[in-house]
There are 2 protein chains.
Amino acid sequence: MATKTEIRRQELREKLIVIAERTIAQNGLSALRARDLAAEAGCAVGAIYNVFGDLTDLTLAVNARTFHRLGADVAEALADAPGDPVEQLVVMAQAYHHFAASNHLSWRALFDVERPAGEAAPDWYLAEMGQLFTYISDPLAVIFPDRAADEIALLTRALFSSVHGIVLLGLDEASAGVSTDNIDHMIALVLRQFTASPK
Amino acid sequence: MATKTEIRRQELREKLIVIAERTIAQNGLSALRARDLAAEAGCAVGAIYNVFGDLTDLTLAVNARTFHRLGADVAEALADAPGDPVEQLVVMAQAYHHFAASNHLSWRALFDVERPAGEAAPDWYLAEMGQLFTYISDPLAVIFPDRAADEIALLTRALFSSVHGIVLLGLDEASAGVSTDNIDHMIALVLRQFTASPK
DNA sequence: CCCTATAATTGAACTGCGTTCATTGAAGTG
DNA sequence: CACTTCAATGAACGCAGTTCAATTATAGGG
């Protein structure tokens, strides 16, 4: 069997992911170039294509790791959070914000990667997203005990999207003028106000 | 005085914007190619660069029009809306959603255009954005009469960002499974809940 | 009206990119 | 060791945006 080859490929694969991860984190997705990658990894450009279908596949591998780190950060924040479900939501949302701020270019790459139109998202993406959604829907179910599961699901998506929008536009320097503190304020404002008067 | 030349340039400029607008609307920003543009406009590729600095400049010209149409749609919805400020917010947000859904690729181009890092957004962008923000802050000031102007400004930005996030992720087919109706529901849910218990 | 200086237009050529594939070289087998 | 098979290589390809030397048009003065 091809053990020798398999091992070499696995090592190259890992090395490429690490290099790409660093490149994206430091200079953004647009700085990812096949020739630079090959030069730094000490391999031929063609070797990249023995291990990944194309550069988008490599980017997706990096994104899987980024998304996993993001999920871990949110989970850790939740673990350290008080028992109050509203506070749990605020703490998690701010953890999301802080991850995005501290890993801006890597976080952007999650959404900027070229996705073939009409193709489903990869499994790991859906799984990781589902985990995040669970973190949100659990406190929500406590806050709104009378709502049906499908309503909770809609609330969950709405709140996640809202926080994502606040972070996205807040970190976008083009529209400028939003400080980190203000972003945290906006998040807390929306979540507290949203969960204020359960009916 | 270069009248003949000026007129010709102005006509070419207009023609290129119209072609680019249609190309982006039909096939997305990534389908915008200098050679295709020149072929369709009946000019040399170099002529594009006599009239626009580069393709990004042309895209920005298209985006200015898209943003203006968006603003007009929201304004029209507001004009037809009832007097209740909460309903005004809902109607405007849903108008934003419907514009994004009906002009998906043009709307995406507003955010997907390559922006040189650390450079301020163009004036027309800030002006149009300011107008949208005014549409939101006016009803908010009625709903929360006791809040200071800077608090209203933060609320305005928070609500705009939230609605934007809901529309952005809702229209993104990769994360799939959100119908137009559900997006409208989420928008109404967030806005109504947010404005439910002024304290 | 023509001639010339100046300016605008042109499109072939340049650059930089992702990707491919004929060639070269290594690995495994009898 | 010979031979077959499969992997690695990097020069070459295709396709973009952009440039600039050569060409063509414009405008003003004789």
Side-chain angles (χ1 to χ4, degrees), chain A residues 1-17 19-24 26-63 105 109 112-117 119, chain B residues 1-17 19-24 26-63 105 109 112-117 119:
Chain A
M1 293 316 165
T3 56
K4 204 82 159 270
T5 294
E6 283 295 311
I7 288 170
R8 214 172 13 190
R9 286 199 172 194
Q10 197 51 47
E11 284 173 355
L12 179 60
R13 194 183 154 84
E14 181 62 25
K15 195 191 285 191
L16 287 173
I17 292 177
I19 294 170
E21 205 167 13
R22 220 207 43 237
T23 303
I24 291 173
Q26 290 181 349
N27 301 107
L29 185 53
S30 62
L32 202 67
R33 269 175 287 270
R35 284 167 182 78
D36 293 353
L37 222 38
E40 196 165 345
C43 70
V45 282
I48 296 169
Y49 296 87
N50 295 335
V51 170
F52 293 101
D54 55 24
L55 288 194
T56 296
D57 280 359
L58 171 54
T59 303
L60 288 175
V62 171
N63 281 354
L105 295 176
D112 289 347
V113 64
E114 194 94 34
R115 282 167 305 181
E119 189 162 308
Chain B
M1 330 95 253
T3 57
K4 203 81 159 270
T5 295
E6 283 295 311
I7 287 171
R8 215 175 9 193
R9 285 198 171 192
Q10 198 49 48
E11 284 174 355
L12 178 60
R13 194 183 155 84
E14 181 64 24
K15 196 191 284 190
L16 287 173
I17 292 176
I19 295 170
E21 205 166 11
R22 220 207 43 236
T23 304
I24 291 173
Q26 290 181 351
N27 300 107
L29 185 53
S30 63
L32 201 67
R33 269 175 286 269
R35 283 166 182 79
D36 294 352
L37 222 37
E40 197 166 346
C43 70
V45 282
I48 297 170
Y49 295 88
N50 296 334
V51 171
F52 292 101
D54 55 24
L55 287 194
T56 297
D57 280 359
L58 170 55
T59 303
L60 288 175
V62 172
N63 280 354
L105 295 176
D112 289 348
V113 64
E114 195 93 33
R115 283 167 304 180
E119 191 162 309

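Both backbone and side-chain heavy atoms feed into the values below; hydrogens, waters and symmetry mates do not. Chain identifiers are assigned alphabetically (A, B, ...) following the order of the sequence lines, protein sequences preceding nucleic acid strands; residue numbering begins at 1 within each chain.
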Item to check | T59(A) side, atom OG1; I17(A) side, atom CD1 - distance, nearest 0.5 Å | outcome: 10.5 Å
Next on the checklist: Would you say that L37(B) contacts L55(B) through its side chain, given a criterion of any heavy-atom pair below 4.5 Å between the two side chains?
Outcome noted: yes
Checklist entry - With a 4.5 Å heavy-atom cut-off, do V113(B) and N63(B) have their side chains touching? => result yes
Checklist entry - In B/S/- notation, 5' to 3', how is nucleotides 8-24 of chain D contacted by protein heavy atoms closer than 4.0 Å? => result BBBBB---SBBB-----
In whole angstroms, how far is the [atom2] atom of [N] from the [atom1] atom of [X]?
{"X": "F52(A)", "N": "dG18(C)", "atom1": "CZ", "atom2": "P", "answer": "15 Å"}
{"X": "E6(B)", "N": "dT26(D)", "atom1": "CD", "atom2": "C1'", "answer": "13 Å"}
{"X": "L16(A)", "N": "dG18(C)", "atom1": "CG", "atom2": "P", "answer": "13 Å"}
{"X": "E11(A)", "N": "dA7(D)", "atom1": "CD", "atom2": "P", "answer": "17 Å"}
{"X": "D36(A)", "N": "dG16(C)", "atom1": "CG", "atom2": "P", "answer": "12 Å"}

Checklist entry - With sequence neighbours excluded, what pairs up with E14(A) under the salt bridge (charged side-chain N to carboxylate O under 4.0 Å, His left out) test? => result R65(A)
Checklist entry - What residue pairs, at least two apart or across chains, pass salt bridge (Lys or Arg N to Asp or Glu O under 4.0 Å) with a residue in residues 38-49 of chain A? => result R22(A)-E40(A)
Checklist entry - Could you go step by step and tell me if D36(A) and T23(A) meet the side chain to side chain contact (heavy atoms under 4.5 Å, CB included) rule? => result CA-CA 10 Å; D36(A) 293 353; T23(A) 303; over 6 Å; no
